[in-house]
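Just below is one structure, and these are the notes that go with it.
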Amino acid sequence: MKAERQRRERIGRNAERAAIWLLRLKGYRILARRFRTPSGEIDVVARRGRLVAFVEVKARGSEEEALSAITARQRQRIQRAALAFLQQHAEHRDCDLRFDLVTATPGALPHHHPDAWRES
């Protein structure tokens, strides 16, 4: 069990690294990685111009699995963590905000899904 958990953790970290490079190539500046709060965690916080994107990264066996892997509960936790980020980093409060998803699947480049969901 421990070996499987470590394997999943390694896959997740590799997916996050790939997502960061993809975002950098698209002109984003990485503001935070694995931003943790008591209410949740944001995998990547990135900024391009006046846009701040709170990015969830999902690594799964297929694109369909990755797209369906983010639950409503996870979205709410990410949204609460985004508010905490903005409280700690007031310089980004006036920016446009967006929730993005990056999916990573075996043998494929990561795929960026801008505006994957809206704050509820």
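In this structure, the separation between CZ on Arg29 and CZ on Arg24 is 11.5 Å, given to the nearest 0.5 Å. One distance of note links CD1 of Ile70 with CZ of Arg77; it measures 9.5 Å at 0.5 Å rounding. Here the CG-CZ distance, from Asp96 to Arg48, works out to 12.0 Å after rounding to the nearest 0.5 Å. Here the CD atom belonging to Glu16 is positioned 8.5 Å from the CD atom belonging to Glu56, to the nearest 0.5 angstrom.
Proximity of Leu86 to Phe54: side-chain heavy atoms (C-beta onward) are separated by under 4.5 Å at one or more points. Within the 4.5 Å cutoff, side-chain heavy atoms of Gln74 are placed close to those of Lys58. Considering only heavy atoms from C-beta on, Val44 stays 4.5 Å or farther from Tyr28 through its side chain. Arg17 is listed as a side-chain neighbour of Arg33, based on a closest heavy-atom distance under 4.5 Å. Side-chain atoms of Arg80 and Thr37, non-hydrogen and from C-beta on, never get closer than 4.5 Å to each other. The side-chain heavy atoms of Leu67 and Arg60, taken from C-beta on, include no pair separated by under 4.5 Å.
Side-chain atoms of Arg93 come within 3.5 Å of backbone atoms of Gln87 as a donor-acceptor pair (strictly under, hydrogens ignored). Side chain of Arg47 to main chain of Gly49: a donor-acceptor pair is present (N/O by atom type, distance under 3.5 Å, no hydrogens or angles). Listed for the Asp43 side chain is no donor-acceptor partner under 3.5 Å among the backbone atoms of Arg34.
The minimum heavy-atom distance between Ile11 and Ala59, with the atom names listed, is CG2-CB, 3.8 Å. The minimum heavy-atom distance linking Ala81 with Phe35 is given by the pair O-CE2, 3.7 Å. The two residues Leu23 and Ala46 come nearest to each other via the heavy atoms CD1-CB, 4.4 Å. Summarising the geometry of Val52 relative to Cys95, their closest heavy-atom pair is CG2-CB, 3.8 Å, with the distance given to 0.1 Å.
Using a 30° and 60° split on the angle between ring planes, His89 and His92 fall in the tilted class, from 30° to 60°.
More than 12 heavy atoms of other residues, nucleotides or ligands sit less than 6.0 Å from atom CG of Leu25. The neighbour count for Asp94 CG, taken as heavy atoms of other residues, nucleotides or ligands under 6.0 Å away, does not exceed 12.
A single hydrophobic cluster is seen to contain both Ile78 and Leu31, as judged by linkage of ILVMFWY side chains at heavy-atom distances under 4.5 Å, directly or through other members. The hydrophobic clustering, which links ILVMFWY residues whose side-chain heavy atoms are closer than 4.5 Å, places Leu97 and Phe99 together. Transitive grouping of hydrophobic side chains (ILVMFWY, heavy atoms separated by less than 4.5 Å) brings Trp117 and Val45 into a common cluster. Leu22 is not connected to Ile42 by any chain of hydrophobic side-chain contacts under 4.5 Å among Ile, Leu, Val, Met, Phe, Trp and Tyr, and they are in different clusters. Leu101 and Val57 are members of different hydrophobic clusters when ILVMFWY side chains are connected at heavy-atom separations under 4.5 Å.
Side chain to side chain, Thr105 and Glu63 fail the donor-acceptor criterion of an N or O pair below 3.5 Å.
With respect to the salt-bridge test (charged N to carboxylate O, under 4.0 angstrom), the residues Arg13 and Glu9 qualify.
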